Amino acid sequence: MESSRLFELNGKMPPLKNAIPIAAQHLVSMIVGCVTPAIIISSVAGLDEKVSIVLIQSSLVLAAISTLLQLFGVTKYCGARLPVIVGVSFAYLSVMIEISTTFGLEYVFGAQLIGGIVAILFGIASKKLNKFFPPLITGTVVFTIGLSLYPTAITYMAGGSGNPNFGSLTNWGIAIFTLIIVTTLNHYGKGMLKLASILIGIICGYIVSLFFGLVDFSAISRSEIIAPLRVVPFGIKFEISSIITMSILFVINSVQAIGDFNATTMGGLDREPTSDEIRGGIICFGVSNVLSAIFGGLPNATYSQNVGIVSTTKVVNKRVLSLCGIFLLVAGLIPNFSAFLTTIPQCVLGGATVSVFASIAMTGMKLVATEDMNYRNTSIVGLSAALGMGINLVKESLAQFPSWVTMVFGSSPVIIAALVAIVLNIILPKELK
């Protein structure tokens, strides 16, 4: 039967009536996560509406290109050739906010360019380096990433920085309404209602916002119909502390990608990924981020929610998933679509994304829980998160250190948490079972 092609990794394209619903399912589960970081960065970096549209557009197009690269590969060394979807990652958000507000958006892309090269090198040496990043370490880092994003979500729920009505009852009411919709669908919805819960929550919050006059459509009328991708649209500059910070995150996300590759093959193909698939996937992760830096797309990574869809549906046909990449590409080349996304009120985004950030933290906890929670391991997790979050919340504690120290270790709790976890895991004696 033609529909059986859905379950063949390298099978021919099945009938579109079977392929499009699966591709749409992948699209709705990741589109919000793909565009929201760009909207947030545009706001904190003070970009005007035209530049904001370019940032969203570039991020969508590069997510599409990165997805297609992972699915089909370029040469035998680049690309996992597994059924994975790639999009802009929230993991870099807190660091990007710090870099863009302290130095400028162009330094984000400079750090991303070097970070991509670091990921390529990590992919080449992945077999030797992977032992330093067991689930205990990656889980601690992912948990800290989730915690670090909570202030961003709360700021948005209150209306966003610089909003004259920041903290108003209207902003909080719409944010909580959006959160209730998302949470209800997550727990009581089934099928597409559950998968598209965040998207539906944003739509409902958006409609309510219209009645309160919080939506401005002027950006749509001023945008182009179709616009090509631009080379270095925001500039690229380099600053050492930003590079160090971002490079550490790229190593951590390389390890996280290995987890996604494992989950994809185990859930969809009933096997573990080969060493060549892991190496090719991480190298492609680095290459796609180098390309993203050059063409103005924010840092991307494999999407775990799409891995979950593959594991649930068992649909592994790469050509079916490539339709999702094509949809992203078309959306990115139409600035009117990107302009429309900029009209979403920040309180709506906050209400929708706070649950995303919570799930990131809990994903970290699930990874940690795969290890024995003995005194040694709980010490590693507790001390790493405590020092990372504590120093980040009290940045003035580093006031007597050189400025680069403040930038590297004060910009994000993730860096300190990662370094402390890695060092403690090496030096603390393992407990006998």
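A quick note: this is a predicted structure, and the numbers were derived from the prediction, not measured.
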Task: Set of side chain to side chain donor-acceptor pair (under 3.5 Å) partners for N165, sequence neighbours left out - done: none

Task: Minimum-distance pair of heavy atoms, taken over all atoms of N171 and A158 - done: ND2-O, 3.2 Å

TODO: Kindly give the heavy-atom pair with the smallest separation between C347 and M157, and that separation in Å.
DONE: CB-O, 3.7 Å

- [ ] May I have the step-by-step check of side-chain contact (heavy atoms from CB on, under 4.5 Å) for T144 and M389, ending in yes or no?
- [x] CA-CA 7 Å; T144 310; M389 290 302 300; 4.3 Å; yes

TODO: Heavy atoms only: give me the nearest V381-L136 pair and the separation to one decimal.
DONE: CG2-CD1, 3.7 Å

TODO: Specify the closest pair of heavy atoms between V86 and S66, including all atoms of both residues, with the distance to one decimal.
DONE: CG1-CB, 3.7 Å

- [ ] Kindly indicate, with the supporting measurements, whether the criterion side-chain contact (heavy atoms from CB on, under 4.5 Å) is fulfilled by D260 and V84.
- [x] CA-CA 8 Å; D260 283 339; V84 294; 5.7 Å; no

Open item on the list: Checking side-chain polar atoms at under 3.5 Å, does Q346 have a donor or acceptor matched by the opposite partner on S43?
Closed with: yes

Task: Centroid separation F234 to F109 less than 6.0 Å - done: yes

Task: Sidechain-backbone polar pair: S247 side chain, I244 backbone, donor-acceptor under 3.5 Å - done: no

TODO: Would you tell me whether Y206 and T178 have side-chain atoms, one donor and one acceptor, within less than 3.5 Å of each other?
DONE: no

Open item on the list: Applying salt bridge (charged side-chain N to carboxylate O under 4.0 Å, His left out), can you list everything that pairs with R81, at least two apart in sequence or on another chain?
Closed with: none

Open item on the list: Within the structure provided, determine whether F103 and S241 are in side-chain contact (heavy-atom separation under 4.5 Å).
Closed with: yes

Open item on the list: For F285 together with F250, are the ring centres under 6.0 Å from each other?
Closed with: yes

